[in-house]
Amino acid sequence: MAQQVSTPKGTRDFGPAEMNRRNYIFNTIKDVFHNYGFSQIETPAMESLSTLLGKYGAEGDKLLFKILNSGNFTDKISKESLDAQNYIEITNNISEKGLRYDLTVPFARFVVQHRNDIVFPFKRYQIQPVWRADKPQKGRYREFYQCDVDIIGSKSLFNEYELIQIIDDVFARLGISVTLKLNNRKILSGIAEAIGEADKFVAITVAIDKIDKIGLEKVEEELRANGLSDNAIAKLRPILTNKGNTEETFKLIESIIGNTETGKAGIEEMNVIFGYIREHKLGINVELDLSLARGLNYYTGAIFEVKANDVEIGSICGGGRYDNLTGIFGLKDVSGVGVSFGADRIYDVMTQLELFPKQTDEYSTALFVNFGQNEEKACIEIAGKLRKEGISCVVFPEKSKLDKQFKFANSQNIPYVIIIGESEIANGTATIKNMATGKQTTVSQNEIVNFIK
RNA sequence: GUGGAUGUAGCUCAGCUGGUUAGAGUACCGGAUUGUGGUUCCGAGGGUCGAGGGUUCGAAUCCCUUCUUCCACCCCA
């Protein structure tokens, strides 16, 4: 430890033990995505700033990691802007690329760029890291993996339902108990319209979003500060204090925004989605939650958020429908909907709840003890056979004390140790030790595969 | 980005209002045990006390700066 080295703030190394577990999550999610016929794409870590900026709101723009242009860029900065410390102008002149902030915007860019090669509806998934210049905390990293699934080029609400099925499947397989919260941007703007404050839409959604955290009083205070009339706030109050179940919430919202055009459309959409849910049984709990207001600017219809029931960590999956995202890049009328699984938070939840299956921590299934050259030859042969059968196994690379070899198996969580020494070679047998039970069995060398399988 | 805490062995932590050579548990390595791990016993190694500067006869301890991690706000996976 002579020299101090570390990864940059908010970024992490992943050792073998962590990678085993992370891959378990990625593989499970991938498996489900494949099950629903999604195909994989990847996009570059960096995008042009012009494709990134302005898509995530003012806050999002601030959190973009910008990449410095190569070469000498100083001649592009005017003395005036330098003297004025005009960092916005200076930034524009010295940086034209940024690290991706999410996978949805690059996907929209991808769709527009490759529109002629894509058959719609296009079902893609994408598992890659994204970067945000956020202040790190627990469950909040500057580099983290998102697992996105999107269907683009279809307006059907069937797609929303399919995403719900996928969410249901993924968390069932991972063993995480979750609640899926649904809402709809159209309902939210219907509310803003119905209380006569359509132009304060953003302020209203942000305030509604905080109700659980800061309570009614402070939310109203904030709304007032944002210029909402007392009358409007009074109209909003039943929504803010709503504790009803999905059915009751539907009735409430119908009574308030049923006669606004967008509001009505939003209610209808949610009715269709919940219709699917009622018709086909799901494992997870789904609720209509009016206080759910995803921040990302581009959502236009349904919005999703998944929270773990047993761990306090923010959302572990979220998404929604976006009607105009490709439009920004010049391809109109291509609506998409998708959700993103936050692999790193899912990892944190599973670690805290100890949900990883035991096999996840096993680096291999069997270890062959090495007694020396002769025995090693036999082990190499048999190990080859096991591997052909898909059984992962290791031959200890050198003759050493059994003590050490067993300790090695132990530290790698290898469940079987196969001992082939002088007497076993003479008899054509192998002694297999089950490391969990400590029980030893001698079998003929042909039976090893069956014994372990 | 604003405000607040934190950092001592690989890991978890003790170390009093500044005072000799900075400790424990655990992990690691060696031995008891050259065909048996996870339990037991013995032994050894490992720290410029996050980094840099300052105050002092003397700093892990006090002050400043910086970095990390964590917490709240903001926002979010």
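Throughout, protein chains are lettered first and strands after them, A, B, ... in sequence-line order, and every chain is numbered starting at 1. Bear in mind that the values here come from a model prediction, so they are computed numbers and not experimental data.
Within 4.0 Å of A/Tyr141, counting heavy atoms only, lies at least one base atom of the nucleic acid. Residue contacts for A/Gly314: at a heavy-atom cut-off of 4.0 Å it reaches no nucleic acid atom on any strand shown. Looking at heavy-atom distances under 4.0 Å, A/Gly139 makes contact with a base. No contact: A/Asp344 has no heavy atom under 4.0 Å from any strand. Note on A/Val206: only backbone sugar-phosphate atoms sit closer than 4.0 angstrom, heavy atoms only; bases stay farther off. Using a 4.0 Å heavy-atom distance criterion, A/Cys147 is classed as making no nucleic acid contact. Using a 4.0 Å heavy-atom criterion, one finds that A/Gln405 contacts no nucleic acid atom at all. Within the nucleic acid shown, A/Ile316 comes within 4.0 Å of sugar-phosphate atoms alone, with no base atom in reach, counting heavy atoms only. A/Glu424 comes within contact range of at least one nucleobase, with a heavy-atom separation under 4.0 Å. The residue A/Gly10 sits close only to the backbone: its heavy atoms come under 4.0 Å of sugar-phosphate atoms, none of a base. Counting non-hydrogen atoms under 4.0 angstrom, A/Gly438 reaches a base of the nucleic acid. Using a 4.0 Å heavy-atom criterion, one finds that A/Ala133 contacts no nucleic acid atom at all. Using a 4.0 Å heavy-atom criterion, one finds that A/Lys307 contacts no nucleic acid atom at all.
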Full working for ring-ring contact (aromatic ring centres under 6.0 Å, His included) between A/Tyr24 and A/Tyr347
CA-CA 10 Å; A/Tyr24 171 73; A/Tyr347 178 96; over 10 Å; no
Set out, in order, the CA-CA distance, both residues' side-chain angles and the distance that settles ring-ring contact (aromatic ring centres under 6.0 Å, His included) for A/Phe33 and A/Tyr125, then state yes or no.
CA-CA 7 Å; A/Phe33 291 172; A/Tyr125 75 90; 5.3 Å; yes
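A centroid separation of less than 6.0 Å is found between the aromatic rings of A/Tyr276 and A/Tyr161.
To the nearest whole angstrom, the two C1' atoms, one in B/rU21 and one in B/rG15, are 15 Å apart. Nucleotides B/rG25 and B/rG46 have their C1' atoms positioned 15 Å apart, rounded to a whole Å. For B/rU20 and B/rU26, the P atoms lie 27 Å apart once the distance is rounded to whole Å. The C1' atoms of B/rA9 and B/rC76 are separated by 37 Å, rounded to the nearest whole Å. Taking atom P in both B/rG38 and B/rU33, the straight-line distance is 15 Å, to the nearest Å. Rounded to the nearest Å, the gap between the C1' atom of B/rG19 and that of B/rA59 is 10 Å. B/rC49 and B/rG54 have their P atoms separated by 16 Å, with the value rounded to a whole Å. For B/rU2 and B/rU48, the P atoms lie 33 Å apart once the distance is rounded to whole Å.
Salt-bridge formation is detected for the pair A/Asp344/A/Arg12: a Lys NZ or Arg NE/NH1/NH2 atom is positioned less than 4.0 Å from an Asp or Glu carboxylate oxygen. Salt bridge present: A/Glu220 and A/Arg224 bring a charged side-chain N and a carboxylate O closer than 4.0 Å.
Across all strands shown, B/rU66 forms a Watson-Crick or G-U wobble pair, both distances under 3.5 Å, with B/rG50. Across every strand in view, B/rA9 sits unpaired, with no contact that passes the Watson-Crick or G-U test at under 3.5 angstrom. Base pairing analysis places B/rG3 opposite B/rC71; the two distances defining the Watson-Crick or G-U wobble pair are each below 3.5 Å.
With no hydrogens or angles considered, no side-chain donor-acceptor pair links A/Asn20 and A/Thr360 at under 3.5 Å. Counted by atom type alone, A/Thr300 and A/Asn324 present zero donor-acceptor pairs between their side chains at under 3.5 Å. A donor atom on one side chain and an acceptor atom on the other are not found under 3.5 Å apart for A/Glu287 and A/Thr179.
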Just the table, please: protein N/O against nucleotides 44-46 of chain B N/O, every pair under 3.5 Å.
none

Kindly give the atom pairs (protein nitrogen or oxygen, nucleotide nitrogen or oxygen) under 3.5 Å for nucleotides 26-31 of chain B.
from, atom 1, to, atom 2, distance (Å)
B/rG31, OP2, A/Lys401, NZ, 3.0

What does the list of N/O pairs under 3.5 Å between the protein and nucleotides 3-8 of chain B look like, with a distance for each?
from, atom 1, to, atom 2, distance (Å)
B/rG3, O6, A/Lys135, NZ, 3.4

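In this structure, CD1 of A/Ile313 is placed 11 Å from P of B/rC70, rounded to the nearest angstrom. What separates OH of A/Tyr299 from P of B/rC75 is a distance of 16 Å, to the nearest Å. Spacing between atom CD1 of A/Ile167 and atom P of B/rA77 amounts to 13 Å, rounded to whole angstrom units. The separation between A/Arg142 atom CZ and B/rA77 atom C1' is 16 Å, rounded to whole Å. Between A/Asp134 atom CG and B/rC70 atom P there is a gap of 13 Å when expressed in whole angstrom units. Atom C1' of nucleotide B/rU36 and atom CZ of A/Phe368 are separated by 17 Å, given to the nearest angstrom. Counting to the nearest Å, the C1' atom of B/rA77 and the CZ atom of A/Arg22 are 12 Å from each other. Rounded to whole angstrom, the span from the CG atom of A/Asp61 across to the P atom of B/rG1 amounts to 16 Å.
Contact of the A/Phe341 side chain with the A/Leu174 side chain is not registered, since no non-hydrogen atoms from C-beta on lie closer than 4.5 Å.
Between the A/Gln126 side chain and the A/Gln146 main chain, no donor and acceptor come within less than 3.5 Å of each other. Put simply, the side chain of A/Asp150 never gets that close to the backbone of A/Arg124: no donor and acceptor are under 3.5 Å apart. A donor-acceptor pair under 3.5 Å links the side-chain atoms of A/Asn183 to the main chain of A/Leu290, judged by distance alone. Between the side chain of A/Glu424 and the main chain of A/Gly421, a donor-acceptor pair closer than 3.5 Å is present. Of the possible donor and acceptor atoms, none in the side chain of A/Gln128 sits under 3.5 Å from a partner among the backbone N and O of A/Ala45.
Among the nucleotides B/rG37, B/rG35, B/rU36, the one closest to the side chain of A/Phe371 is B/rG35.
Of the inter-residue distances, the one linking A/Thr205 atom OG1 with A/Tyr299 atom OH reads 14.0 Å to the nearest 0.5 angstrom.
The side-chain ring of A/Phe144 is stacked on the base of B/rA77, judged by centre separation under 5.5 angstrom and plane angle under 30 degrees.
Comparing A/Lys9 and A/Glu422 by the nucleotide of RNA chain B that holds the closest heavy atom to each, the one mapping nearer the 5' end is A/Glu422. Comparing A/Thr11 and A/Lys210 against RNA chain B, the residue whose closest nucleotide sits nearer the 5' end is A/Thr11.
Distances shorter than 4.0 Å separate none of the side-chain N or O atoms of A/Lys138 from OP1 or OP2 on B/rC70.
For a distance-only test at 3.5 Å, the side chain of A/Asn410 fails to qualify as a donor-acceptor partner of the base of B/rG38. In this model, no side-chain donor or acceptor of A/Arg140 finds a partner on the base of B/rC70 within 3.5 Å. Residue side chain A/Gln137 does not reach the base of B/rU69 through any donor-acceptor N/O pair under 3.5 Å, judged by distance alone.
In this pair, A/Phe110 and A/Phe107 present their aromatic rings parallel. The plane angle is below 30°, not in the 30 to 60° band.
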